[in-house]
Asks: 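Quick one: structure below, then a few questions.
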Amino acid sequence: MDYSQLQPESIISKNQYEFSEDFINKYTESVKDSSNYKNSVPPMAISALSIRGVLNDLKIPGGTVHVSQEFNYFSSIEKSELIECLATIISNNVRGGWRFLSIKLETISTDQKLIMTGKSTIMIPVEKNNA
């Protein structure tokens with residue numbers, strides 16, 4: 001992928017997810033979360049899927065560093081509820097041999113209810129021909 005071509009406001013990832021009981025159990029076990037979510041989805045599970053979609057869709061190379069992230073949650077979602085995760089470029093800059101990609105994240109429900117917003121910044125090593 002030629003990361004130099006990514007412009008602000010470009011959509012880089014758009015995925016839909018449905019949270020199964022199995023996924024939530026595996027997620028809470030892997031992060032050692034013993035909270036009882038009953039029928040709702042752990043908020044960080046939403047963030048994890050959103051970030052995973054971006055990393056997969058951008059085909060992030062080895063050597064990439066996840067620099068920062070911030071999330072704001074506005075509403076909970078129930079198990080088996082379908083959500084859409086959208087990611088767009090905020091900025092794309094090169095400094096000192098690294099490409100800094102800032103990414104805006106937004107998650108909405110099927111009835112267009114805002115669930116989460118966020119921002120993540122990653123550093124990708126610059127290849128000489130893709131600066």
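Numbers here are sequence positions counted from 1. All heavy atoms count here, side chains included; hydrogens, waters and symmetry mates do not. None of these values were measured; they are calculated from a predicted model.
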Asks: Does the side chain of Q7 reach to within under 4.5 Å of the side chain of N92, using non-hydrogen atoms?
Replies: no

Asks: Can you confirm whether S80 sits close enough to F19 that some side-chain heavy atom of one is under 4.5 Å from a side-chain heavy atom of the other?
Replies: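 Of all side-chain heavy-atom pairs linking F19 with S80, none is under 4.5 Å.
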
Asks: Pick out which of T107, L82, V41 makes a side chain to side chain contact (heavy atoms under 4.5 Å, CB included) with I77.
Replies: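 Only match with I77 under side chain to side chain contact (heavy atoms under 4.5 Å, CB included): V41.
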
Asks: Could you tell me whether a side-chain N or O of T64 sits under 3.5 Å from a main-chain N or O of I60, the two making a donor and an acceptor?
Replies: no

Asks: If hydrophobic clusters are built from ILVMFWY residues whose side chains come within less than 4.5 Å, do V67 and W98 share one?
Replies: yes

Asks: State yes or no: do M44 and M116 share one hydrophobic cluster built from I, L, V, M, F, W and Y residues joined by side-chain heavy-atom distances below 4.5 Å, directly or via other members?
Replies: yes

Asks: To the nearest 0.5 Å, how far apart are CZ in F100 and OG in S68?
Replies: 10.0 Å

Asks: Do K104 and I90 come close enough that some side-chain heavy atom pair is under 4.5 Å?
Replies: yes

Asks: Pick one: which of R52, E81, E84 meets side chain to side chain contact (heavy atoms under 4.5 Å, CB included) with Y17?
Replies: R52

Asks: Do the non-hydrogen side-chain atoms of P61 and I124 ever get within less than 4.5 Å of each other?
Replies: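 Yes, their side chains come closer than 4.5 Å.
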
Asks: Would you say Y3's side chain and L58's backbone share a donor-acceptor pair under 3.5 angstrom?
Replies: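 Indeed, once roles are kept as given, a pair shorter than 3.5 Å links the two residues.
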
Asks: Distance from L49 atom CG to N15 atom CG, nearest 0.5 Å?
Replies: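 Interatomic distance, L49 CG to N15 CG, rounded to 0.5 Å: 9.0 Å.
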
Asks: Side chains of T88 and S10, heavy atoms from C-beta outward: is any pair under 4.5 Å?
Replies: no

Asks: Under a 3.5 Å cutoff, is there a donor and acceptor pairing between the side chains of S13 and D57?
Replies: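 Judged by distance alone, the side chains do pair up.
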
Asks: Let me see the working for S35 and D33 under side-chain hydrogen bond (donor to acceptor under 3.5 Å, both in side chains), right down to the final yes or no.
Replies: CA-CA 6 Å; S35 303; D33 185 347; 2.8 Å; yes

Asks: Test I24 against K26 for side chain to side chain contact (heavy atoms under 4.5 Å, CB included), laying out the working first.
Replies: CA-CA 5 Å; I24 292 169; K26 286 178 181 176; over 6 Å; no

Asks: Can a side-chain donor-acceptor contact be found between D2 and S4 if the only test is distance below 3.5 angstrom?
Replies: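 Yes.
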
Asks: Tell me, with the steps shown, if L105 and I103 meet side chain to side chain contact (heavy atoms under 4.5 Å, CB included).
Replies: CA-CA 6 Å; L105 306 162; I103 301 161; 4.1 Å; yes

Asks: Measure across I115 and S109 and return the closest heavy-atom pair with its distance rounded to 0.1 Å.
Replies: CG1-N, 3.9 Å

Asks: Closest approach of K79 and S40, non-hydrogen atoms and distance?
Replies: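 Minimum heavy-atom contact is CE-O, 3.8 Å.
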
Asks: I'd like to know whether S75 forms a side chain to side chain contact (heavy atoms under 4.5 Å, CB included) with L114, so could you lay out the CA-CA distance, the side-chain angles of the two residues, the decisive distance to 0.1 Å, and finally the verdict.
Replies: CA-CA 7 Å; S75 182; L114 184 62; over 6 Å; no

Asks: Could you check whether the rings of Y73 and F71 sit parallel, tilted or perpendicular, using 30° and 60° as the cut-offs?
Replies: tilted

Asks: Looking only at the side chains, is there a donor atom on one of T121 and S102 sitting less than 3.5 Å from an acceptor on the other?
Replies: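 Yes, side-chain donor-acceptor contact under 3.5 Å.
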
Asks: Is there a path from M123 to L55 through hydrophobic residues (I, L, V, M, F, W, Y) whose side chains come within less than 4.5 Å of each other?
Replies: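 In one cluster: no.
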
Asks: Which pair of non-hydrogen atoms, one from S76 and one from K113, has the smallest distance, and what is that distance?
Replies: O-NZ, 3.8 Å

Asks: Can you get from L6 to I51 by hopping between Ile, Leu, Val, Met, Phe, Trp and Tyr side chains that sit under 4.5 Å apart?
Replies: yes

Asks: Evaluate the side-chain proximity of I46 to I83: yes if any heavy-atom separation is below 4.5 Å, no if none is.
Replies: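 Yes - at least one pair of side-chain heavy atoms lies under 4.5 Å apart.
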
Asks: Are any non-hydrogen side-chain atoms of F74 and T117 less than 4.5 angstrom apart?
Replies: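 Yes; the side chains approach each other to less than 4.5 Å.
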
Asks: Drop me the distance from I89's CD1 to Q5's CD, to the nearest 0.5 angstrom.
Replies: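 Separation between the atoms: 12.0 Å.
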
Asks: Do the non-hydrogen side-chain atoms of I122 and V65 ever get within less than 4.5 Å of each other?
Replies: no

